There are 2 protein chains.
Amino acid sequence: MATIKDVAKLAGVALSTASYALSGDHRVSAKTREKVIEAAKQLNYHKNGFAMDLKRSRTNTIALILADLSGPFYSELIRSVQEVALSNGYDLIACSSMGERDSTAVRFLREKRVDGAVVLAYNMTDEVLSASAGPNFPIIAMDRVISGEGLVSIIVDGESGGYEATRYLIDKGHRKIAYISGPSNSFANSLRYQGFLRAMKGAGLEEQAKWRLSGGFIRDGGYKATKMMLMQGELPTAIFYGNDEMAIGGLKAFEEGGIRVPEDISIIGFDDIELTEFIQPPLTTIRQPMYESGSLAGHLLFQMLNGESVNESYKLNVQIIERQSVSAPAKSNSSV
Amino acid sequence: MATIKDVAKLAGVALSTASYALSGDHRVSAKTREKVIEAAKQLNYHKNGFAMDLKRSRTNTIALILADLSGPFYSELIRSVQEVALSNGYDLIACSSMGERDSTAVRFLREKRVDGAVVLAYNMTDEVLSASAGPNFPIIAMDRVISGEGLVSIIVDGESGGYEATRYLIDKGHRKIAYISGPSNSFANSLRYQGFLRAMKGAGLEEQAKWRLSGGFIRDGGYKATKMMLMQGELPTAIFYGNDEMAIGGLKAFEEGGIRVPEDISIIGFDDIELTEFIQPPLTTIRQPMYESGSLAGHLLFQMLNGESVNESYKLNVQIIERQSVSAPAKSNSSV
DNA sequence: TTGAAAGCGCTAACAC
DNA sequence: GTGTTAGCGCTTTCAA
């Protein structure tokens, strides 16, 4: 790899002159510049990114850290963060926090390989975030409550979402409602569940222990939890799945069991992923403002990078999206 | 930010001793090591990634470059490349080539911010790839034919895929077949189109100029192209969409136009994205081995990184996935 | 306008 | 075992 030294030598100028010429400083004469550029081309020279970053101690890059890069659910978030980064002249790299303690993500934060980060990854510990964030290294934490210098949290109001989803079912006449939960260590899940409980209690309803199942936020988990419910014999009249993926899995289980949705049982999801529109029946769900939250995250990050002060936390509202997976409970089941 | 210098000073040892202690070199005494580690903790010290990379001139990171990070289509690819990277002890970062000449992606390659890359991005020029690749910087180019030192290309056999898709329609009795194309600068698209033409010619059929439409590989493009076709009045009996996204857009246009698929018109897509299973009717399509190709790309990259020699190009096969969007042409339309 | 030189934070060869 | 020191490739001050 040719270095700027080689270029300077070939062009017959000093190292610094070459540097100036290459970065377009207007103090070098046009003739010198040309010589240098010609030499650079000849040697196929390109700046070494690290050396530059090291010197500048700035990378002009921010990271978006996700638990799983391949999740379908993130595309809007990625897009919105990317747009903001681009329009601020920054680069965005996405990396995964898979691998836990020694993940790429942790290293990028620890070793300051980027100028700041947006983190949506339940498997990153608060500790890592707190240790990395600071006045010169802003981190926007999504979906978790955390505070500290350089830290801002954005949460979507999952509690209200859980409440509204449940309330919606209750208003349709349902009395026997189950909540299929996500991973127990997920903050988003606990919020949704709390909302569910508040709505149930508010309507004088009780959660039945036998319907307390978990599906880990994944499709197959929803499928299995639903199968289990089916095997138990007695079904609720409505199910609130902690997220859409699990609801889709549940739908498959019902289909296999010959149970019609929403005629025999109503279901509602959470997230409003793309698929919900396309499945049969289209899924009623709670929409998370992914695009908006990504955009907010990006903007906040750059405000912090520019030394402006921002609030410590932001809460975004959710919205119910009515489709066709919920109806009034069937007569035979609607008795309390 | 505390540096190793500060740590050394606080621990009362030399800089190098601190460095050795921190990197676990066994020449330092346990006592010294402890002192250093304690000092580091106290100062909340973390290595500076760039300085390390600069020194080592290795990053232990590879990049996956995609035209659009948010594409739903890539999740399997991302997952498979990530698995390989992780199992080789490397980090993976994903970045987008949006922004063309000055994109993050171009900079990462040019400035050697990573040790190698897998590139699936039609908007990166061959020139950039050739200029960046070299004996010490392997690049795996997907979906393009390119060669040079440090360059390997993986292509899926889109031509055969295009041929098979078209042949499948012909075998069902279709004679009037349209191909809705992707971006004209897309290599994948031209392959598919060539396959289409070969099948048509082989059956003594001709492509009709009026049905030559482009949808840019995006859903809305497929929708618009189909609308346009609808407005023209005369329809083919079958359409081969250059990818699934466009086919999904087309489906919507047909639905709005009161045209039934596959009763009134048959359609076939390409890619086998997740959605194809869930839409109505489920889409018959050509499956690309995304997971396999990502895995292959990752393995090749590491082989090259280890100095092993590999072939210059690899071709992967496609497979037709029969679902329910194709039937024999309706009687009234099936005449030649 | 150009050149010499300091130093970003770190590693590793070498000397003690 | 531990300390000294020379760079990695670059930018940027300062002097010429």
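The figures that follow rest on heavy atoms only: side chains count, while hydrogens, waters and symmetry mates do not. Since the model is a prediction, treat every value here as computed from it, not as a measurement.
- Between the S295(B) side chain and the Y291(B) main chain, no donor and acceptor come within less than 3.5 Å of each other.
- Not one N or O on the side chain of N306(A) forms a donor-acceptor pair closer than 3.5 Å with the backbone of E308(A).
- Rounded to whole Å, the distance from CZ on R58(A) to C1' on dG9(C) is 18 Å.
- One N or O donor and one acceptor, one from the side chain of S16(B) and one from the base of dT4(D), sit under 3.5 Å apart.
- A donor-acceptor contact under 3.5 Å is not formed by the side chain of Y20(A) with the base of dA4(C).
- T61(B) places a side-chain N or O within 3.5 Å of a backbone atom of T59(B) that can act as its donor or acceptor partner.
- K112(B) places its NZ atom 12 Å from the P atom of dC10(D), with the value rounded to the nearest Å.
- Protein atom CZ of F50(A) is 15 Å distant from nucleotide atom C1' of dC8(C), rounded to whole Å.
- Of the candidates L92(B), I93(B), D53(B), I62(B), I93(B) is the only one forming a side-chain contact (heavy atoms from CB on, under 4.5 Å) with V114(B).
- Rounding to whole angstrom units, NZ of residue K9(A) and P of dG9(D) are separated by 12 Å.
- For residues 24-42 of chain B, proximity to DNA chain C is found at no residue, defined as any non-hydrogen atom under 4.0 angstrom from a strand atom.
- Checked by atom type and distance alone, the side chain of R144(B) pairs as donor or acceptor with a backbone atom of M124(B) at under 3.5 Å.
- Regarding R56(B), its CZ atom lies at a distance of 18 Å from the P atom of dG9(C), rounded to whole Å.
- Proximity of a side-chain donor or acceptor of K112(B) to a complementary backbone N or O of S132(B) within less than 3.5 Å is detected.
- Here dT11(D) presents its C1' atom at 10 Å from CE of M52(A), a figure rounded to the nearest Å.
- Of the residues near DNA chain C, A51(B) and T17(A), the one whose nearest nucleotide (by heavy atom distance) lies more toward the 5' end is T17(A).
- Within the 4.0 angstrom heavy-atom criterion, no nucleotide atom of any strand lies near S57(A).
- Across the protein-nucleic acid pair, L22(B) atom CG and dT2(D) atom P stand 14 Å apart, rounded to whole Å.
- When rounded to the nearest whole Å, the span between CD1 of I4(B) and P of dC8(D) equals 19 Å.
- Between the side chain of S57(B) and the backbone N or O of L54(B), no donor-acceptor pair lies under 3.5 Å.
- Taking only distance into account, the side chain of K55(A) never meets the base of dG9(D) through a donor-acceptor pair shorter than 3.5 Å.
- The shortest distance between the side-chain N/O atoms of S19(A) and the OP1/OP2 oxygens of dC10(D) is not below 4.0 Å.
- Both L54(B) and L15(B) lie near DNA chain D, and the one whose nearest nucleotide falls closer to the 5' end is L15(B).
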